[in-house]
Amino acid sequence: MSASDSFKVRKIVRALKKKYGKIPWWPGDCDEVMIGAILTQQTRWENVERALDELHRRDLCSLSTIRTADSTAIEEAIRCTGFYRIKAGRLKALATFAEVTCGGVQKMEKIPTRALREGLLGVHGIGEETADSILCYGFSRPVFVIDAYTDRMVRCAGVTEPRNRLKDLFESVLPENNETCRQTHAHIVEYAKEFCGKKRCDACILVNSNG
DNA sequence: GACCAGGTCCTTG
DNA sequence: CAAGGACATGGT
């Protein structure tokens, strides 16, 4: 990775921290974060929240209940997030991994980050972004999440490193600290939503100018 | 009606 | 291995 990319990332991190300060992002217990991580795939967060409410209402907002629940009931509860049949299957697969393979969420807490990440990636329907979101926001590990917004935002700011290396780039720049990882990712997404259109970035000047 | 959303997997060339 | 398609509902 180029020195100038690292430099830009440091600048982005600093500027956005100054702009947003501490913001609440992706609250909830570990089970809810894991479920939300699946539901938010290619879907707006507002729709995910509605689905989470539905799941709570049916006592299906935990992996232990999802594991044994009727798939149709899960599908109905999460319909508003789209891809509901696919996602119900992914939730089932994650629930089996967590409850059966790992022996429960408490046991997962004790698994080292590297191994837990590999385990999650082995679950059908969990890719890098979903796994890293679970690690960062569910298990409070010092893992930086790269999503479409992050990629778009750093492009906007002139970072040239390809998407598949952004996680390493950010983790090499940031301190190995969960709070920093989760806040920084939150800042970037909020910024991207507001200023970085899909094809055009209007305001990354904020990051590119001054210091 | 077209286009997009806090992806991932599978199929093709 | 890159590119394209499928999955599906809800908001602009």
Side-chain angles (χ1 to χ4, degrees), chain A residues 12-13 16 20 23-28 30-55 57-58 60 71-98 117-141 143-157 159 162-167 170-171 178 180-202:
Chain A
I12 291 168
V13 172
L16 293 182
Y20 293 110
I23 57 178
W25 219 69
W26 209 330
C30 192
D31 273 55
E32 189 171 306
V33 169
M34 289 196 274
I35 293 165
I38 299 272
L39 296 183
T40 198
Q41 292 172 350
Q42 194 64 23
T43 302
R44 295 171 196 274
W45 183 253
E46 304 80 68
N47 293 340
V48 174
E49 286 191 313
R50 288 198 285 154
L52 290 174
D53 286 344
E54 275 302 312
L55 288 169
R57 190 164 301 126
R58 300 163 194 235
L60 286 175
S71 291
T72 310
I74 300 171
E75 290 176 8
E76 285 173 13
I78 68 174
R79 190 188 311 279
C80 63
T81 67
F83 305 142
Y84 58 87
R85 272 182 289 249
I86 295 277
K87 286 175 179 175
R90 290 177 180 179
L91 288 175
K92 281 277 195 182
L94 174 58
T96 300
F97 172 73
R117 186 171 197 269
E118 289 311 305
L120 288 167
L121 289 175
V123 178
H124 190 80
I126 295 189
E128 300 213 335
E129 180 183 335
T130 306
D132 290 336
S133 294
I134 289 171
L135 291 168
C136 180
Y137 293 100
F139 289 94
S140 299
R141 307 298 174 89
V143 168
F144 193 82
V145 180
I146 303 299
D147 59 12
Y149 284 132
T150 310
D151 185 52
R152 198 186 305 166
M153 193 276 173
V154 301
R155 284 319 140 221
C156 219
V159 171
R163 176 167 178 164
N164 65 343
R165 290 192 203 148
L166 290 180
K167 176 172 145 62
F170 273 88
E171 289 182 355
N178 172 254
T180 308
C181 287
R182 71 164 64 204
Q183 282 295 313
T184 301
H185 179 249
H187 291 159
I188 289 176
V189 172
E190 289 305 312
Y191 187 86
K193 280 184 178 174
E194 191 173 1
F195 298 112
C196 306
K198 178 143 194 190
K199 309 205 167 166
R200 238 182 244 189
C201 180
D202 297 323

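Everything quoted here is computed from the prediction, not taken from an experiment. So you know, we letter chains A, B, ... as the sequences are listed, proteins then strands, and number each from 1. Because only heavy atoms are used, hydrogens play no part in the values below, and waters and symmetry mates are left out as well, while side chains stay in.
In this structure, the side chain of A:Thr184 does not engage the main chain of A:Val13 through any donor-acceptor pair within 3.5 Å. Judged by distance alone, the side chain of A:Lys87 and the main-chain N or O of A:Ile78 form no donor-acceptor pair under 3.5 Å.
Listed by chain and residue number, A:Leu60, A:Asp70 satisfy the side-chain contact (heavy atoms from CB on, under 4.5 Å) test with A:Ala73 (two or more places apart in sequence, or in another chain). Contacts of A:Arg44 classified as salt bridge (Lys or Arg N to Asp or Glu O under 4.0 Å), with partners at least two apart in sequence or in another chain: none. Under the salt bridge (Lys or Arg N to Asp or Glu O under 4.0 Å) criterion, A:Lys167 pairs with A:Glu171, not counting sequence neighbours. Contacts of A:Glu49 classified as salt bridge (Lys or Arg N to Asp or Glu O under 4.0 Å), with partners at least two apart in sequence or in another chain: none.
Using a 4.0 Å heavy-atom cutoff across all strands shown, A:His185 reaches no nucleic acid atom at all. A:Thr130 comes within contact range of the sugar-phosphate backbone alone, with a heavy-atom separation under 4.0 Å but no base atom that close. Among the heavy atoms of the strands lying under 4.0 Å from A:Arg44 is at least one base atom, whether or not backbone atoms are also near. Residue A:Gln42 is in base contact, counting any heavy-atom pair closer than 4.0 Å across all strands shown. Within 4.0 Å (heavy atoms only), A:Glu46 reaches no atom of the nucleic acid at all. Within the 4.0 angstrom heavy-atom criterion, only backbone atoms of the sugar-phosphate kind lie near A:Ile126; the bases stay farther away. Within 4.0 Å of A:Arg85, counting heavy atoms only, lie sugar-phosphate atoms of the nucleic acid but no base atom. Here A:Lys193 lies in heavy-atom contact (under 4.0 Å) with a base.
A gap of 14 Å separates the P atoms of B:dC4 and C:dG5, to the nearest Å. Remark: the separation of the P atoms in C:dG10 and B:dT8 is 22 Å, to the nearest Å. The P atoms of C:dG4 and B:dC3 are separated by 16 Å, rounded to the nearest whole Å.
As rounded to whole Å, 19 Å separates atom P of C:dA6 from atom CD of A:Gln41. Atom pair A:Asp147:CG and B:dT8:C1' shows a separation of 14 Å (rounding to whole Å applied). One atom, CD of A:Glu49, and another, P of C:dT9, lie 21 Å apart when rounded to the nearest Å. B:dG7 atom P lies 12 Å from atom CD1 of A:Ile146, rounded to whole Å. Between A:Leu39 atom CG and B:dA5 atom C1' the separation is 14 Å, expressed in whole Å. Straight-line distance from the CD1 atom of A:Ile86 to the P atom of C:dG5: 17 Å, rounded to whole Å. Taking atom CZ on A:Phe83 and atom C1' on B:dC9, their separation rounds to 12 Å, with Å as the unit. Following rounding to the nearest Å, A:Lys87 (NZ) and B:dC9 (C1') show an atom-to-atom distance of 14 Å.
Residues A:Val123 and A:Glu190 each lie close to DNA chain B; by heavy-atom proximity, the contact nearer the 5' end of the strand is made by A:Glu190. Summary of the strand contacts: A:His124 and A:Asn47 both lie near DNA chain B, and taking for each the nucleotide with the nearest heavy atom, the more 5' one is attributed to A:Asn47.
Within the structure, a side-chain polar atom (N or O) of A:Tyr84 is placed less than 4.0 Å from OP1 or OP2 of C:dT9. Between A:Arg50 and C:dG11 there is a side-chain N or O to OP1 or OP2 distance below 4.0 Å. Phosphate proximity of B:dG7 to A:Arg163: absent, as no side-chain N or O sits under 4.0 Å from OP1 or OP2.
Stem regions for DNA chain B, each three or more consecutive Watson-Crick or G-U pairs with both distances under 3.5 Å and listed by first number, read B:2-5 with C:9-12, B:7-13 with C:1-7.
The list of side chain to side chain donor-acceptor pair (under 3.5 Å) pairs with a residue in residues 129-139 of chain A, not counting sequence neighbours, reads A:Gln41-A:Thr130, A:Arg117-A:Asp132, A:Tyr137-A:His185.
With contacts defined as side-chain heavy-atom distances shorter than 4.5 Å, the pair A:Phe144/A:Thr150 qualifies.
Electrostatic pairing of A:Arg79 and A:Glu76 does not count as a salt bridge here, judged by no charged N lying under 4.0 Å from a carboxylate O.
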